[in-house]
Novice: 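Before we start, here is the structure in question, set down as C-alpha cells.
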Amino acid sequence: MTDILADLNPAQREAVTTVHGPVLVLAGPGSGKTRVLTHRVAYLIRECGVEPYRLMAVTFTNKAAREMSSRIERLLGSELRGLTIGTFHATCARILRREAAHANLSPGYVIYDEDDQLRVVRQALKDLNLDEKRYRPVVVRSFIDRAKCELLTPQTLEPRTHPEEVARRVYERYEALLEANDALDFGDLLLRTALLFEQEAEVLEKYRRRYHFLLVDEFQDTNMAQYRLIRLLAGERRNLFVVADEDQAIYRFRGADYRNIQRFREDFPDHKLFLLERNYRSTQTILDAANAVIAASPYRTPKRLHTDKGRGPLLTVFEAYNEEEEASYVVNEIQRLVSQGLATPGECAVMYRTNAQSRALEDAFIRHGMPYKLVGATRFYARREIRDALAYLRLIHNPHDSVSLERVINVPRRGIGERSLATLAQWAGELGVSQYEALQLLKENKGKEGTEGTEGGLSPPMLFGTRAQKQLLAFLDLLEGWRELAGRLTVAELLGRVLEDTEYESWLRDGSEEGEERWANLMELRTVAADYDPLPRETALATFLEEVALVADVDNLPETAEAPTLLTLHSAKGLEFGVVFIVGLEEGILPHSRSFDDPEQMEEERRLCYVGITRAKERLYLLHAFRRSRYGGDDLNVPSRFLKDVPSRLVQGYGTRRHGDRERGRLGEGERQRQEKSPSLSPSTPASLSQVGPQFAVGQRVRHPLFGEGTVIESSLKGDDEEVKVAFPGKGIKTLLASFARLQRLDRSDDS
DNA sequence: AAGTTTCTACTTTTT
DNA sequence: GTAGAAACTT
C-alpha cells in the first residue's frame, strides 16, 4: 500500500489535498500535472472515501484518458469501477445516448466528422440554391462550428453582415438535414449536452447528484460550450478542479478560448490557486530557451520554471540549404547520437508545423534505411476505404443516415448514377422522409402505375428508369438483409459480410500496390472491430461506431516500436522525448503565414513553438532552411522570429553555415552532390543496422518471400546482424537473420 | 452511367 | 503536387 502523497512536492501535495471548492492549478510543462490529477483521484477515493462513480475527469484526448486511468489503477492497486473518465466529446456522447428521450434525439444517432459535415453543408447550399463558389463550404462549416462552440443556434445567432445572414440560413438548413439523418456533428455533442442541462432541470439535477467531484485537464483548451457544461455540472457543490497552462493554448482555431481561465477566476472568486513551476522533464538550458520564447507573450501569468536537472548540452541551431538538407541533417544526427550511445532512436522526435513537411523527412528516413513512426498525415479513419466501410456499417446501424447512404450506394459501381441519386434525394425531400424511407416506398409502390401521386405530383415509378430502379431496389434488399443479420453477427463478421456481398474486395484489389494497401487497411479495421466482439450484440455496433468516430491519430501511436517519431507540433502536446528536432523555423512556416495579420494568432504560433521546445528532455535542435519549395514555386525563407528570441549563450557553434549569400544558379549542383553523399540503403542491410539498432520491433508485421506475412515476436542483435523470430500464421515460428531473409516491413504508418 | 481530362483549391493545427 | 470536383466524351 503506497502512500499517495509521498512522492509529491509541496505544491503538488497542496493541490491534491485541497478537496473542496473550486481549485485552479496553473501547471507549467513537465511539472507533473497528470501526476497531480491522478494522485488527486486516488486520494479522494482512498483517503476521503469517495466512491469512484462520484468522480468525473475530462481530458481532450482518448490517450490522456487512458493514461490517467491506468495510472490511477496502478496507484490504487485495483481496477477502477464506475469512475467517469474520458474526453469531453465521448462523455457527452454517452450522456446524450442515455438521455436521448429528453434531448429530442434518436438513441441510434450517428456522429458526423468534418468530412460528413462538408457533405451536409453542400447539400444545404444546394437546397437553398446558393453558389458554392460564393459561399465556400469550408467557410460555412467553420462558421457553423464556431457558432456551436459559442452555444449559438440559428435562432439565437445574430448575424452582423449579409454573408453571415446567409450562413445563418445555411446553418438552419444544415441542422434540419442533420436531424433528418439522425446525426450529430462534433460540436453538437457539446452544444446539445449543454442545452440539455440548461433546459431540463431534472436531468441536470440527476447528474449533479451523481457527480460530486469534477476534474478537467488542459482547461486552457476548453471552448465556451465546454466551460458552460462543467460550470453547470459543478452546481452548488462547486468541487471543480481544473488544470491549465495558458502558455500551451494552441487550439484557438477550434474554438478554444484560454480566457476561460479568467472566466473561471471571476465565476469562482473564492477558488484556490496553485502554481506548479518545478519542471521534472527538461534541462535548465532547454527551460531557459522555452522561457525566452514565451516571455515575449503578453497577458500571461509569468511563471518561473526551474529544474534541478542541471544545464545539459547546449542547443543546436542549424541552417540547411533546403528542406532535403534539413531532413538529411536530422537523420544523420539521429544516427550519430545512436551510434555514440547518446540516445536511442525511440527517444528522438521530429516536429513540424504542417503535415506537408513530413514528406521531405520521410524521404530522408527511407533513403537512410531508418525506420520511423509517423503521426497524422493521412489519418487512418480518413482513408477512403475505411470511410466506405464505416459508412456501410453506419447505414446498417442507422439507415436514415443519408450522407452514408449517398457515399456507398454506388460503391463499388452498381449502376446508380448521379442522376438517379439526385432524383432520389429530391423525391425524399418532397415527401419529407429519409432516402431510405423513400426507397422503401419505391419498393411498396412498385407495380402500381403512376396513380398515387404525392403533392409533388410525381409517383415513384415514373421517376427512375427501369434499370436504375432495379438497382436501387437491389441495394435496398442488400441493406435490409444486413440489418436483419446485424443482431446476430459480431461487428467484425458483419463487416466481412458487407465486404463480401458488395464484392468490395475484388473491386479494391485490382492488382495494384495501392489496392493491396487499402485492403490491408480494411483488414486492420476488422481487427479493431474484433475488439468489440465480447460486447452484447445489440450494443456492439453502436459502441464501435461511436468510439471510432471519436478517436484521434495520436491515440493509436504505438509506444513499443523503437523508432523516431515524426509529428506535428500540435500532436506533440503532452508528449516528451529525450531528443527533439524542430524543423522549419522560418517566417511563413512557424509562424505560419496565415498568422501574420492577426496578433492573437501570432501569439498562438509562439505558444506552439514553446510547446515544441518544452517537449525536449535533454537535447534540442532548432532547424531552418534557407530555401524551401512550397506548392509549385519555392521560397527563400528568413529564420523565424522565435529563433531570434533564443539567447545565443544557449546555443553551440552558432551560425555554422550561411546560405543567404549563395547564388541561385548553383542549386542543382549542390543538391545532386548532397544526394550522392547519402547512398540509399535498403531497410535490411547490415550497414544501416550497426548505425540504427534493431530494425524489427516486437509486434512489427513483416512479409517474407516464402512464408508470407507474419509478426515479429522476438528480435536481438547478433554482431553486425539482427536475429528475428517471426510467427507466420499456419507456418509456425521461424528464426531469421535480417540480412539474409529479405524481410519486408509492412509499415502501418500511423495506425496501431 | 461511366470513364476520360481539365480545372481548381488547397495545406495549419483536431475532438 | 495532389485530391476532388466539374466538364467533357464515349
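Lettering follows sequence order; numbering is per chain, from 1.
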Novice: Which is true for A/Phe186 with a 4.0 Å heavy-atom rule: it touches a base, it touches only sugar-phosphate, or it touches nothing?
Specialist: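 Contact class for A/Phe186: base.
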Novice: What class does the angle between the rings of A/Tyr392 and A/Tyr504 fall in, given that below 30° is parallel, 30 to 60° is tilted and above 60° is perpendicular?
Specialist: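 Because their plane-to-plane angle is over 60°, the rings of A/Tyr392 and A/Tyr504 count as perpendicular.
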Novice: Which part of the nucleic acid, if any, lies within contact of A/Phe88, taking any heavy atom under 4.0 Å across all strands shown: a base, the sugar-phosphate backbone alone, or nothing?
Specialist: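 Result for A/Phe88 = nothing.
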Novice: Return the value, rounded to whole Å, for the distance between atom CG of A/Leu118 and atom C1' of C/dG4.
Specialist: 11 Å
Novice: Can you check whether A/Arg413 has a side-chain N or O nearer than 4.0 Å to OP1 or OP2 of B/dG3?
Specialist: yes
Novice: Within this structure, what is the NE2-to-C1' distance between A/His592 and B/dC10, rounded to whole angstrom?
Specialist: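 Roughly 11 Å, once rounded to whole Å.
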Novice: Mind listing the closest non-hydrogen atom pair of A/Ser571 and A/Thr568 along with its distance?
Specialist: OG-OG1, 2.6 Å
Novice: Which whole-number value in Å describes the distance from A/Glu418 CD to C/dT9 P?
Specialist: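 It works out to 16 Å between those atoms.
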Novice: Identify whether a stacking contact exists between A/Phe253 and B/dT13, where the ring centres must be under 5.5 Å apart and the planes under 30° apart.
Specialist: yes
Novice: Determine, for A/Asp245 against A/Lys573, whether the closest basic-nitrogen to carboxylate-oxygen distance falls under 4.0 angstrom.
Specialist: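 No.
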Novice: Could you tell me whether A/Phe253 and A/His570 have their ring centroids closer than 6.0 angstrom?
Specialist: yes
Novice: Which residue lies toward the 5' end of DNA chain B, A/Thr568 or A/Val138, if each is placed at its nearest nucleotide?
Specialist: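 Final value for this comparison: A/Val138.
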Novice: If you check the A/Ser420 side chain, which of B/dT13, B/dA1, C/dA6 turns out closest?
Specialist: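 Nearest nucleotide to the side chain: B/dA1.
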Novice: Separation of A/Gln220 atom CD from B/dT14 atom P, in whole Å?
Specialist: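 Roughly 16 Å, once rounded to whole Å.
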Novice: How long is the line joining CG of A/Leu189 and P of B/dT14, in whole Å?
Specialist: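 One finds 19 Å between P of B/dT14 and CG of A/Leu189, rounded.
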Novice: Taking atom P of C/dA5 as reference, at what distance in whole Å does atom CG of A/Leu421 sit?
Specialist: 14 Å
Novice: B/dA2, B/dA1, B/dC10: which one has an atom nearest the side-chain heavy atoms of A/Arg467?
Specialist: B/dA1
Novice: Looking at A/Asn410, does any N or O in its side chain come under 4.0 Å of the phosphate oxygens OP1/OP2 on B/dA1?
Specialist: no
Novice: Relative to the 5' end of DNA chain B, which residue comes earlier, A/Ala468 or A/Arg136, by the nucleotide with the nearest heavy atom?
Specialist: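 Closest to the 5' end, via its nearest nucleotide, is A/Ala468.
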Novice: Nearest-Å distance, NZ (A/Lys148) to C1' (B/dT14)?
Specialist: 17 Å
Novice: For A/Arg414 and B/dA1, is the shortest distance between a side-chain N/O and OP1 or OP2 below 4.0 Å?
Specialist: no
Novice: Between P on B/dT14 and CZ on A/Arg254, what's the gap in Å once rounded to a whole number?
Specialist: 8 Å
Novice: Quick one: which of A/Leu214, A/Val58, A/Leu240 gives a side-chain contact (heavy atoms from CB on, under 4.5 Å) with A/Leu233?
Specialist: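 Exactly one option meets the side-chain contact (heavy atoms from CB on, under 4.5 Å) with A/Leu233, and it is A/Leu214.
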